[in-house]
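Below is one structure; the comments refer to it alone.
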Amino acid sequence: MNNNKFFINTTKEDTVCVLHLNGFLDALTSVVLEEEIKKNVDNNCFKIILDLKSLTYISSAGLGVFMLYIEKIRKNEGDIIMTNLSKSIFEVMNLLGFDEIFHITNTVEEAINLFNNS
Amino acid sequence: MMLDIKINAKLEELANMRQQIMSFIKNVSLDNEVANLIVLAVDEICTNLIKYAYKYNQNSIIAVLVETCPHQIIIKIKDSAVPFDIRQHLDKNICEHIRKMVPGGLGMPLVGKIMDEIYYEAKNDEREFNVLTLIKDI
C-alpha cells in the first residue's frame, strides 16, 4: 500500500462542486487539496462538497486547508459541506470542534439537498 | 515490546513511519480510532520538527521509539534541533480559535487533546538529544 498517495476527483452537480478525496491527507499532500479548492473558488464555485468516503487519513495540515478559503466562500453565499466521514476521520474533527463549524452529512445527496434548500 | 524508527527530516518519510507505528500498535487490542489518534499525534510532532525545528534539513534525524505496556503506549521522540517545549503550545481552548476560522496552529493542540501525559527534556551538555515523551492510557 502506498500511503503517500492522495488524489481528488472533482465532479459538478449544477452549481455545486463535489470534491471526492482519496487516500492520505497530511502535511505533504495537503497542497493538492489547497490547489483544488483554490481552483474551484477562482472559477466562482462557492458551493463545495468534500466527499471523504475514500479518505483514509487526515492530519492538522489537511484540516487547516478546510479553513483557508471558508471566509471567502461564505462571503460569496457559499459553504463547504463534508460528507461520508469514517469514524476515525470524524473523531479527529470532533476533537477540534470542526463538527460545530462545518455542516456534516451522511451522503453527497444530503449535502446537495442542503445547498438546494438553503 | 518496542519499535525503534529513525527517519530523515523530510515530509516524504512520514507515511512510512505512520504505517510502521500503526502495524506495531495493532498488536495491542486497540480500537482503530484510538490507534489512528496515536499515529496522528506522532505525525503532528514529527511534521513540526521537520518544518520548524529542522527547517526541512533532510540530513537531520528524528528517532521515534514506541513501547507498548499493558495499560499504556509510551512514545519517545528524539531530535537534536534547538530545544522547543511543545507543552507551551497545547492550548486547550483551540475550539475557540477554530470558531474564529483561523487556519494553522492546530497540530500541537491536537496532540494535547489526544495524549494523556506529555513530558519534555531539552538537550544539554550531558544529553545530546531533546526527548519528548507522549503517553496514552489504553
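Protein chains get the first letters and strands the later ones, always in sequence-line order, with residue 1 at the start of each.
Cluster annotation: A/Ile89 is connected to B/Leu30 through the hydrophobic network of ILVMFWY side chains, with a link wherever side-chain heavy atoms come within less than 4.5 Å. In the hydrophobic clustering of this structure, B/Ile135 does not group with B/Ile73; members are Ile, Leu, Val, Met, Phe, Trp, Tyr whose side-chain heavy atoms approach within less than 4.5 Å, directly or through other members. Clustering ILVMFWY residues whenever any of their side-chain heavy atoms sit less than 4.5 angstrom apart, transitively, puts B/Val111 in the very cluster that holds A/Met93.
Contacts of A/Leu95 with chain B are made by both backbone and side-chain atoms, with heavy-atom separations under 4.5 Å. With a 4.5 Å cut-off on non-hydrogen atoms, A/Ile58 touches chain B through its backbone but not through its side chain. At a 4.5 Å heavy-atom cutoff, the contact between A/Glu100 and chain B is made by side-chain atoms alone.
Contact of the B/Asp31 side chain with the A/Lys87 side chain is not registered, since no non-hydrogen atoms from C-beta on lie closer than 4.5 Å. The shortest distance between side-chain heavy atoms of B/Leu14 and A/Phe24 does not fall below 4.5 Å.
Taking B/Leu110, B/Val34, B/Ile114 one by one and counting their heavy-atom pairs under 4.5 Å with chain A, the maximum is reached by B/Leu110. Among A/Leu96, A/Val92, A/Val65, A/Ile101, the residue with the largest count of heavy-atom pairs under 4.5 Å with chain B is A/Leu96.
Crowding of A/Asp14 atom CG: a count of heavy atoms from other residues, nucleotides or ligands under 6.0 Å not exceeding 12. Atom CD of B/Gln72 has more than 12 heavy atoms from other residues, nucleotides or ligands within 6.0 Å.
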Would you be so kind as to tabulate the donor-acceptor pairs closer than 3.5 Å made by side chains of residues 36-46 of chain B, with sequence neighbours excluded?
{"from": "B/Asp43", "atom 1": "OD1", "to": "B/Thr47", "atom 2": "OG1", "distance (Å)": "3.2"}
{"from": "B/Asp43", "atom 1": "OD2", "to": "A/Tyr57", "atom 2": "OH", "distance (Å)": "2.5"}
{"from": "B/Asp43", "atom 1": "OD2", "to": "B/Arg18", "atom 2": "NH1", "distance (Å)": "3.1"}
{"from": "B/Glu44", "atom 1": "OE1", "to": "A/Ser60", "atom 2": "OG", "distance (Å)": "2.7"}
{"from": "B/Glu44", "atom 1": "OE2", "to": "A/Ser60", "atom 2": "N", "distance (Å)": "2.6"}
{"from": "B/Glu44", "atom 1": "OE2", "to": "A/Ser60", "atom 2": "OG", "distance (Å)": "3.1"}

